There are 2 protein chains.
Amino acid sequence: MIDIDKIDRKILSILQADGRIANVELAERIGLSPTSIGERLKRLQRDGFVEGYGARLNPHRLGLGLLVFVEVMLDKTTPDVFERFARAVQTAPEVLECHMVAGGFDYLVKARVADMTAYRRFLGESLLALPGVRETRTYAVMEEVKRDAPLPVG
Amino acid sequence: MIDIDKIDRKILSILQADGRIANVELAERIGLSPTSIGERLKRLQRDGFVEGYGARLNPHRLGLGLLVFVEVMLDKTTPDVFERFARAVQTAPEVLECHMVAGGFDYLVKARVADMTAYRRFLGESLLALPGVRETRTYAVMEEVKRDAPLPVG
DNA sequence: AGAGAGTACGGAAATTATTTGGTTTGGCCG
DNA sequence: CGGCCAAACCAAATAATTTCCGTACTCTCT
């Protein structure tokens, strides 16, 4: 396990908020030379702290106005239902996240679709079409109180 | 409503996967001059399709190995419980997402902590300490099947 | 046809990233 | 203690990229 110091954390924190910041400005904000910052960042990437960079898109602008969470329960009769479900979920573009959870149900799915009509289609043609899906409970999001907050690195 | 064409979508798609790609390379991949791509990107940012850029960090590397979802039910006796809960959630660094949902409970909270010990502390000192919280149900994630997939822009 | 908007392009200038080489610091061991 | 090594830092030079500007093309509307 490689440990990181306060400066590294600051770099990660700033980069999480603004992934496209210029190296020189990053260096200025931290109080180190651009060269050092560049070396540190390279190391942070090599050691797997930074997995990549991405643009944050506005889902509403893209016509994806409805966010839903779906609790999925599987039939545990066949041995490979979990595998098959996991694989199918990867290919569904509507599914943004899918987690296997401990508790009352098996999988929690987070998906984005245009509207309720689109959701009904997604539910019927994608989720319920999968073999082994016994039951689902849908929760439509009415208000996104906090959306994709940065990880606490400080 | 401003609509975007196929080239714009391609820009967004690439940028979602690699937010730090050089403009020249982006232009090459799409088959347009860097200048044009720059202009399009500027427009996409101005019109709110791109809200920003961020580094994708590895939560496990940062000691945040446990992902939990918490269903929260509130006491609807006081009129401002929702507001107060929403405000409190913003300041909690463990909370990555919080959504008000329609259905069996009021809020769905997604949080990242180090381990179960840290979660117990978070639950007791942050969530349950809030006035108006009547009941919570916790679901610990055992396996992250799909994590933060890009929005379907194609 | 002509005006205006929108989009595209190439080249020059400004900015930024990366590499190179050298200095300092701190630990380790003969 | 003195020498040695590795890590972190920096300034300067070079390489690459972004931005700015002038121009051309195509649509559409009058």
Side-chain angles (χ1 to χ4, degrees), chain A residues 1-64 148 150-154, chain B residues 1-64 148 150-154:
Chain A
M1 186 69 183
I2 306 117
D3 61 327
I4 57 178
D5 63 13
K6 198 173 282 186
I7 295 178
D8 288 329
R9 286 178 193 281
K10 206 161 183 176
I11 292 176
L12 293 178
S13 175
I14 294 175
L15 238 38
Q16 218 179 167
D18 181 4
R20 264 204 152 176
I21 190 175
N23 223 303
V24 280
E25 198 192 324
L26 185 58
E28 273 174 23
R29 277 223 249 166
I30 289 177
L32 234 58
S33 76
T35 312
S36 295
I37 297 292
E39 283 168 0
R40 276 175 180 270
L41 183 51
K42 212 163 139 190
R43 172 172 50 78
L44 288 170
Q45 289 177 165
R46 176 173 46 79
D47 294 344
F49 290 95
V50 178
E51 295 183 334
Y53 301 87
R56 278 192 295 272
L57 307 187
N58 185 329
H60 297 276
R61 268 280 193 230
L62 294 166
L64 298 169
D148 268 315
L151 296 179
V153 292
Chain B
M1 185 71 184
I2 305 118
D3 61 326
I4 57 178
D5 63 13
K6 198 173 283 184
I7 296 177
D8 289 329
R9 287 178 193 281
K10 206 160 182 177
I11 292 176
L12 294 179
S13 176
I14 294 176
L15 239 37
Q16 220 180 168
D18 181 4
R20 261 202 156 180
I21 189 175
N23 226 307
V24 278
E25 196 193 327
L26 185 58
E28 273 174 24
R29 277 222 250 165
I30 291 177
L32 232 56
S33 76
T35 316
S36 298
I37 297 293
E39 282 168 2
R40 276 175 180 269
L41 183 50
K42 211 163 140 191
R43 172 171 50 78
L44 288 169
Q45 290 178 164
R46 176 172 47 78
D47 294 346
F49 290 95
V50 178
E51 295 183 335
Y53 302 87
R56 277 190 297 271
L57 307 187
N58 185 330
H60 297 276
R61 267 280 191 233
L62 295 166
L64 299 169
D148 268 315
L151 295 179
V153 293

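Remember, predicted model here, so these are calculated numbers, not experimental data. Naming convention: chains lettered A, B, ... in sequence-line order (proteins, then strands); numbering from 1 in each chain.
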Taking every non-hydrogen atom, the tightest pair across A/Ala55 and B/Val50: CB-CG1, 4.3 Å
Non-hydrogen atoms of B/Asp5 and B/Asp8 that approach each other most closely: OD1-N, 2.9 Å
Strand contacts (DNA chain C) in residues 36-45 of chain B, 4.0 angstrom heavy-atom criterion: B/Ser36, B/Glu39, B/Arg40
Residues touching DNA chain C, which here means a heavy atom under 4.0 Å, drawn from residues 21-33 of chain A: A/Ala22, A/Asn23, A/Val24
Spacing between [X] atom [atom1] and [N] atom [atom2], to the nearest angstrom:
| X | N | atom1 | atom2 | value |
| --- | --- | --- | --- | --- |
| B/Arg20 | D/dA16 | CZ | C1' | 15 Å |
| A/Ile7 | D/dA7 | CD1 | C1' | 13 Å |
| A/Asp5 | D/dA7 | CG | P | 15 Å |

Check: residues 26-35 of chain A side-chain donor-acceptor pairs under 3.5 Å, at least two apart:
{"residue": "A/Ser33", "atom": "OG", "partner": "A/Ser36", "partner atom": "N", "Å": "3.3"}
{"residue": "A/Ser33", "atom": "OG", "partner": "A/Ser36", "partner atom": "OG", "Å": "3.3"}

B/Phe49 CZ to B/Arg40 CZ distance, which is reported to the nearest 0.5 Å: 12.0 Å
Atom pair CG/CD1 of B/Leu44 and B/Ile37 - distance to nearest 0.5 Å: 9.5 Å
Qualifying salt bridge (charged side-chain N to carboxylate O under 4.0 Å, His left out) pairs with a residue from residues 44-53 of chain B, counting only residues at least two apart or across chains: A/Arg147-B/Glu51
Qualifying residues under side-chain hydrogen bond (donor to acceptor under 3.5 Å, both in side chains), relative to A/Arg9, sequence neighbours excluded: none
Cut-off 3.5 Å, no hydrogens considered: what does the side-chain donor-acceptor table look like for residues 12-20 of chain B, sequence neighbours left out?
{"residue": "B/Gln16", "atom": "OE1", "partner": "B/Leu151", "partner atom": "N", "Å": "2.6"}
{"residue": "B/Gln16", "atom": "NE2", "partner": "B/Leu151", "partner atom": "O", "Å": "3.2"}
{"residue": "B/Asp18", "atom": "OD1", "partner": "B/Arg20", "partner atom": "N", "Å": "3.1"}
{"residue": "B/Asp18", "atom": "OD1", "partner": "B/Ile21", "partner atom": "N", "Å": "3.4"}
{"residue": "B/Arg20", "atom": "NE", "partner": "A/Gly19", "partner atom": "O", "Å": "3.0"}
{"residue": "B/Arg20", "atom": "NH2", "partner": "A/Ile21", "partner atom": "O", "Å": "3.2"}

Min side-chain heavy-atom separation B/Leu64-A/Pro152 under 4.5 Å: yes
Output a table of nitrogen or oxygen pairs between the protein and nucleotides 25-28 of chain C separated by less than 3.5 Å.
none

Partner residues of A/Arg56 under the salt bridge (Lys or Arg N to Asp or Glu O under 4.0 Å) criterion, sequence neighbours left out: none
